[in-house]
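Input: one structure, supplied below.
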Amino acid sequence: MINDESRTETYDPNAIIDKWMKVWEELHVNEALGLVAGHDDLPRSYVVSMFPYPSGDLHMGHAEVYSISDAVARYIRMTGANVLNAIGWDSFGLPAENAALKRNLHPREWTYANIETQAESFRRLGVSFDWRTRFHTSDPEYYRWNQWLFLRLFEAGLAYRKEAAVNWCPTDQTVLANEQVVAGACERCGTTVIQRPLTQWFFKTTDYAQRLLDDMKQLEGKWPHEVLAMQRNWIGRSAGAHIDFAVEGRGEPVRVFTTRPDTLFGATFFVVAVDAPLADELCADPQRGAFEAYRRQAATATEIERLATDRAKTGVNLGRFAINPVNGVRIPIFAADYVLADYGTGAIMAVPAHDQRDLDFARALGVPVQVVINTGEADPAETWVATHGDGRLVNSGDFDGMTTAEASAAITARLAELGAGTEAVTYRLRDWLLSRQRFWGTPIPIVHCEDCGLVPVPEAELPVRLPESGYELRPEGGKSPLESATEWVSVACPRCGGPARRDTDTMDTFVDSSWYFLRYPNPDYVEGPFDPAGVARWCPVDEYIGGREHATGHLMYARFITKALHDLGLVSFVEPFTKLTNQGQVIMNGKAMSKSLGNLVNLQEQIGLYGPDAVRVTMVFAGPPEDDIDWADVSPTGAVKWLARVWRISAELDGKSSGEPDIELRRAVHRMIADATTAMDDRRLNVAIARLMELTNLLRKAVDSGAGPANPATREGVEALVRMLSCFAPFTAEESWQRLGHGPSVSSAGWPQADPGLLVEDSVVCILQVNGKVRDRIDVAPGISDDELEQVAMNSGKLREHIGDSQILKVIVRAPKLVNVVLAG
RNA sequence: GCGGGAGUGGCGGAAUGGCAGACGCGCGGGUCUUAGGAACCCGUGUCUUCGGACGUGGGGGUUCAAGUCCCCCCUCCCGCACCA
């Protein structure tokens with residue numbers, strides 16, 4: 001399809017790959033000028049695309065991500081900046097364990113073999129990485145610093161342990177990662193997964209909730225609006241009041257959080273999360289049996305049941321009473337699973353008249369309903385529809401007649417006087433659970449000593465390396481894999497020297513990716529996790545590029561860690577990524593490509609057929625970077641045709657230019673350069689390519705039937721085209737550049753500058769409208785005045801024809817582009 | 001339920017409030033060819049009495065002028081989801 005046996009030379013994109021890969025490496029064209037110092041006169045730009053997980057060879061999704069990020073990096077570089085376009089690997093993670101089990105290898109072998117494959121594929125795709133940044137998070141030299149960071153957070157009180165539920169497969173007797181749970185069932189054996197409590201490590205992200213929210217102001221307009229919205233949602237700030245309810249027979253009152261203090265008089269019962277320790281404590285003896293049974297039932301609730309949002313309300317009366325602080329009314333206390341133990345205080349005042357969940361519960365368990373806000377709607381006790389809206393207070397003592405807003409303030413103030421409440425803010429954001437009962441991750445650098453408790457591994461002993469042998473990847477009985485490495489586990493306590501055990505959990509791989517971009521400038525640095533000089537030079541990241549699926553995971557964690565590092569005095573900034581660009585996924589027939597769906601398109605096969613440049617161009621031209629690409633909608637054949645066209649035009653210009661440059665052609669060329677530049681600046685890469693295609697068409701005509709191949713304007717246009725093309729199709733551009741008689745490399749040739757003088761046209765087309773409808777087009781001078789233009793326009797025969805003898809109400813003139821004559825009637 | 005986004009030709013998609021459909025795919029026609037699944041050129045929203053009329057999910061509005069701004073509605077996609 002690409003080759004033919006015609007006499008002229010043909011475009012064979014795959015024949016030029018090795019040649020240019022070698023040249024680029026020899027000339028170091030893709031390397032930043034100085035990683036930690038030097039060339040300070042140049043503006044710098046740090047471009048990072050979310051680093052890959054080495055799951056196998058690169059696939060179509062990678063091709064999209066890196067085609068986009070590389071086009072951006074190359075563009076910035078061509079405009080004269082010193083660009084660091086970094087690459088590394090996110091190489092810890094579960095798939096390596098699965099592969100190791102299957103092949104009976106160490107996870108490392110599979111992982112690093114894949115990394116080599118991907119690295120070679122990146123080179124063959126022509127991605128302009130600075131390979132000196134390369135590291136892998138599974139290198140002990142890297143994860144050592146994860147451990148170091150963990151210890152700093154531990155010292156700062158930001159890492160702590162508490163009990164939390166893990167996914168547990170009763171058949172396999174093992175803990176499961178979230179991604180191993182498919183529709184509530186174990187991925188391997190299909191057994192229904194249950195939740196099981198386990199003591200685990202957390203980072204205190206909640207301490208940073210307000211700052212994570214506030215600092216989003218810095219990102220406004222630079223991050224996709226959508227991602228910021230998701231994060232705002234995820235943090236879930238909610239303002240209201242804390243209210244303390246005395247409990248009969250208990251010294252300490254019990255605190256609740258509510259966003260509706262105005263409904264306090266409507267609280268007819270009190271609910272404690274069934275799985276909160278408080279529920280157990282408050283349970284009266286006669287209710288013990290019923291409570292224990294209910295708690296057991298709730299604990300064995302499966303993932304599937306838990307996810308059902310419309311299930312009936314259940315609960316048990318604990319046989320105790322709380323006292324409403326404003327009116328002294330006794331209300332019964334229930335334990336229920338619709339109240340969450342880890343949100344707010346794990347207990348609520350229930351106001352069934354004005355909260356649908358409480359109303360559903362009241363209906364199910366026969367608790368009375370008391371209306372305290374008159375919203376003008378029907379009685380909730382009859383309709384079983386709670387009234388959420390604003391209104392005036394009733395049945396609320398002194399507060400009757402107040403509006404919702406007035407009452408909220410007044411009741412909160414009363415509570416403050418009584419010493420029974422204050423204004424309060426709660427967040428939906430939870431602390432970051434970072435323990436993983438997995439092998440292929442960073443060991444947590446803590447030693448458990450019977451006498452000394454939790455003892456940090458001394459810094460000099462880092463890294464705590466993963467064991468080479470003596471472990472099982474899937475031990476029986478729900479142990480962590482590291483727990484099965486008995487020799488590795490057993491260690492002397494760093495503090496007292498007595499017998500102790502290593503912590504056997506590994507860290508969530510999101511820890512690895514929460515600071516990796518700080519290490520790129522000097523990946524071999526040994527004095528600390530990152531080189532302060534390199535970080536000062538490049539960070540924060542100027543252009544961060546990656547998928548939207550990381551909106552509330554990775555991006556939130558990286559923001560948190562950056563702030564924590566800032567507070568530790570290790571970095572000067574509080575936000576890691578100045579600008580964020582999302583890119584879409586490659587899908588096929590409406591679904592993300594995946595092996596199980598059998599809709600995989602093989603990247604290497606596509607490259608083999610069309611060449612790396614055509615695949616790259618296809619990815620970028622398919623649509624806006626953030627949109628998904630349905631592979632069924634696009635075809636690299638179009639890209640191949642275009643690239644071959646450019647290549648051919650370049651080859652046809654092998655002679656010396658002569659004669660006067662064609663001024664009209666120059667104007668057109670510079671118009672295209674200007675338009676392409678604007679599109680690139682706005683990151684509308686697909687539009688930029690459209691302009692390059694137009695320029696190509698223009699030059700084709702110039703060669704065939706216009707100025708001709710020898711005209712200097714033709715050469716100027718072709719050279720500009722090839723330079724701009726190099727952002728998207730580096731191999732073809734390089735080859736064409738050489739054919740134009742230049743030495744390597746086109747990527748050092750710079751982005752063409754549009755000459756402003758050539759952008760001013762001799763004449764422009766002005767549209768003439770009558771009542772907003774186009775009736776004529778005339779050529780006018782670009783500098784024409786409004787008055788002059790109106791006169792000229794009125795001379796148009798077509799315009800007069802459409803005006804007829806109607807009365808002219810007014811004439812809108814927008815020189816030099818438009819005249820609109822508005823008629824009466 | 002809450003939050004966010006999107007509806008434009010046969011398709012992917014362009015359009016600082018000022019000529020809707022750039023560019024590409026597909027399709028049709030032509031040139032050159034032993035041949036064309038190559039290259040190059042032309043055409044391609046709908047209707048049309050060939051003057052033009054209509055046309056950006058639907059309905060209203062603002063404006064001299066609306067795909068674009070405002071209000072209501074419909075459909076689809078994404079995120080969160082018993083968050084008090």
Side-chain angles (χ1 to χ4, degrees), chain A residues 1-6 8 10 224-234 236 238 240 256-260 263 271 273 306-311 313 336-340 342-351 354-358 360-361 388 426-430 548-549 551-552 590 617-618 621-624 626-630 632-635 637-639 641-642 644-645 648 675 678-679 684 686-697 700-701 704-705 765-777 801 809-814 817-823:
Chain A
M1 130 200 338
I2 291 154
N3 293 299
D4 65 40
E5 65 279 39
S6 64
T8 56
T10 56
H225 174 77
E226 184 191 0
V227 172
L228 294 178
M230 269 191 237
Q231 292 211 348
R232 204 169 285 121
N233 221 267
W234 190 258
S238 161
V256 300
F257 173 75
T258 179
T259 53
R260 295 292 302 274
T263 64
V271 189
R306 216 175 52 73
L307 288 173
T309 55
D310 52 352
R311 61 193 232 269
K313 293 282 181 289
D337 65 358
Y338 84 93
V339 170
L340 307 175
D342 56 355
Y343 179 76
T345 63
I348 62 159
M349 66 175 201
V351 183
H354 308 297
D355 182 291
Q356 190 61 47
R357 294 155 303 179
D358 295 344
D360 293 343
F361 185 88
H388 303 97
T426 295
Y427 302 89
R428 224 191 55 127
L429 182 75
R430 306 296 156 88
R548 204 164 324 168
E549 64 274 18
T552 53
V617 166
T618 302
F621 185 60
E626 63 275 15
D627 285 8
D628 289 342
I629 298 173
D630 192 325
D633 292 335
V634 298
S635 158
T637 55
K641 273 162 77 172
W642 176 49
R645 235 161 117 81
R648 224 178 291 119
D675 288 354
T678 308
R684 289 176 304 140
N686 55 325
V687 179
I689 289 186
R691 296 292 89 84
L692 300 195
M693 287 174 169
E694 275 184 84
L695 179 54
T696 308
N697 295 341
R700 180 72 260 167
K701 278 203 182 77
D704 290 345
S705 54
V765 176
C766 176
I767 53 168
L768 308 183
Q769 301 178 327
V770 176
N771 284 338
K773 290 190 202 298
V774 179
R775 295 307 181 190
D776 199 3
R777 296 172 173 82
E801 203 177 297
L809 267 188
K810 61 174 152 177
V811 181
I812 311 283
V813 185
R814 292 284 179 276
K817 302 205 54 163
L818 171 132
V819 175
N820 186 15
V821 180
V822 186
L823 303 180

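First the proteins, then the strands, lettered A, B, ... as listed; each starts at 1.
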| query | Within this structure, what is the CG-to-C1' distance between A:Asn233 and B:rA81, rounded to whole angstrom? | reply | 9 Å
| message | The side chain of A:Tyr338 is closest to which nucleotide in this list: B:rG4, B:rC25, B:rC82? | response | B:rC82
| query | In whole angstroms, how far is the C1' atom of B:rC40 from the NZ atom of A:Lys641? | reply | 11 Å
| said: List the residues meeting side-chain contact (heavy atoms from CB on, under 4.5 Å) with A:Asp776, not counting sequence neighbours, and say none if there are none. | reply: A:Leu768, A:Ile778, A:Ser796, A:Lys798
| query | Under the side-chain contact (heavy atoms from CB on, under 4.5 Å) test, which residues partner A:Asp342, sequence neighbours left out? | reply | A:Leu340, A:Arg430
| What residues form a salt bridge (charged side-chain N to carboxylate O under 4.0 Å, His left out) with A:Asp627, not counting sequence neighbours? | none
| Who passes ring-ring contact (aromatic ring centres under 6.0 Å, His included) against A:Tyr343, sequence neighbours left out? | none
| query | With rounding to whole Å, what would you report as the distance between B:rC78 and B:rC70 at their P atoms? | reply | 26 Å
| said: Can you identify which nucleotide, out of B:rC23, B:rC80, B:rA84, has its nearest atom closest to the A:Leu340 side chain? | reply: B:rA84
| message | What stems show up for RNA chain B when you take Watson-Crick pairs (N1-N3 plus N6-O4 or O6-N4) and G-U wobbles (N1-O2, O6-N3), both under 3.5 Å, and require three or more consecutive pairs? | response | B:1-7 with B:74-80, B:10-12 with B:23-25, B:26-31 with B:39-44, B:45-47 with B:52-54, B:57-61 with B:69-73
| message | Using only modelled atom types and a 3.5 angstrom limit, is any donor from either the side chain of A:Lys313 or the base of B:rC82 paired with an acceptor on the other? | response | yes
| Contact class for A:Arg430 (heavy atom, under 4.0 Å): base, sugar-phosphate, or nothing? | base
| message | According to ring-ring contact (aromatic ring centres under 6.0 Å, His included), who are the partners of A:Tyr338, at least two apart in sequence or on a separate chain? | response | A:Phe361
| message | By the 4.0 Å heavy-atom rule, please label A:Asn686 as base, sugar-phosphate, or nothing. | response | sugar-phosphate
| Can you name the residues that form a side-chain contact (heavy atoms from CB on, under 4.5 Å) with A:Ala644, not counting sequence neighbours? | A:Tyr11, A:Arg648
Report each atom pair, protein N/O against N/O of nucleotides 60-64 of chain B, whose distance is under 3.5 angstrom.
residue : atom : partner  : partner atom : Å
B:rC64  : OP1  : A:Lys810 : NZ           : 3.1
B:rC64  : O2'  : A:Asn820 : ND2          : 3.3
B:rC64  : O2   : A:Asn820 : ND2          : 2.6

| task | Looking only at side-chain atoms of A:Lys773, point me to the closest of B:rC40, B:rG3, B:rA53. | result | B:rA53
| task | Remember a base hit wins even if backbone is also touched, and classify A:Arg548 as base, sugar-phosphate or nothing at under 4.0 Å, heavy atoms. | result | nothing
| Sugar-phosphate only, base, or nothing, as touched by A:Trp642 at under 4.0 Å among non-hydrogen atoms | nothing
| message | What's A:Asp342 touching, base or sugar-phosphate or nothing? Going by heavy atoms closer than 4.0 Å. | response | nothing
| Who are the salt bridge (charged side-chain N to carboxylate O under 4.0 Å, His left out) partners of A:Glu801, not counting sequence neighbours? | none
| remark: With sequence neighbours left out, the residues meeting side chain to side chain donor-acceptor pair (under 3.5 Å) with A:Gln769 are none
List, with names and distances, any nitrogen or oxygen atoms from the protein found under 3.5 Å away from nitrogen or oxygen atoms belonging to nucleotides 6-12 of chain B.
residue : atom : partner  : partner atom : Å
B:rG12  : O2'  : A:Ala622 : O            : 2.6

| query | Under 4.0 angstrom, heavy atoms only, what part of the nucleic acid is A:Arg232 near: base, sugar-phosphate, or nothing? | reply | nothing
| query | Can you list the residues that meet the side-chain contact (heavy atoms from CB on, under 4.5 Å) rule with A:Val813, with sequence neighbours excluded? | reply | A:Asp786, A:Leu789, A:Glu790, A:Val811, A:Val819
| field | Pairwise C1' distance for B:rU75 and B:rG26, with rounding to whole Å | value | 27 Å
| query | Is A:Ser238 touching bases, backbone alone, or none of the nucleic acid, heavy atoms closer than 4.0 Å? | reply | sugar-phosphate
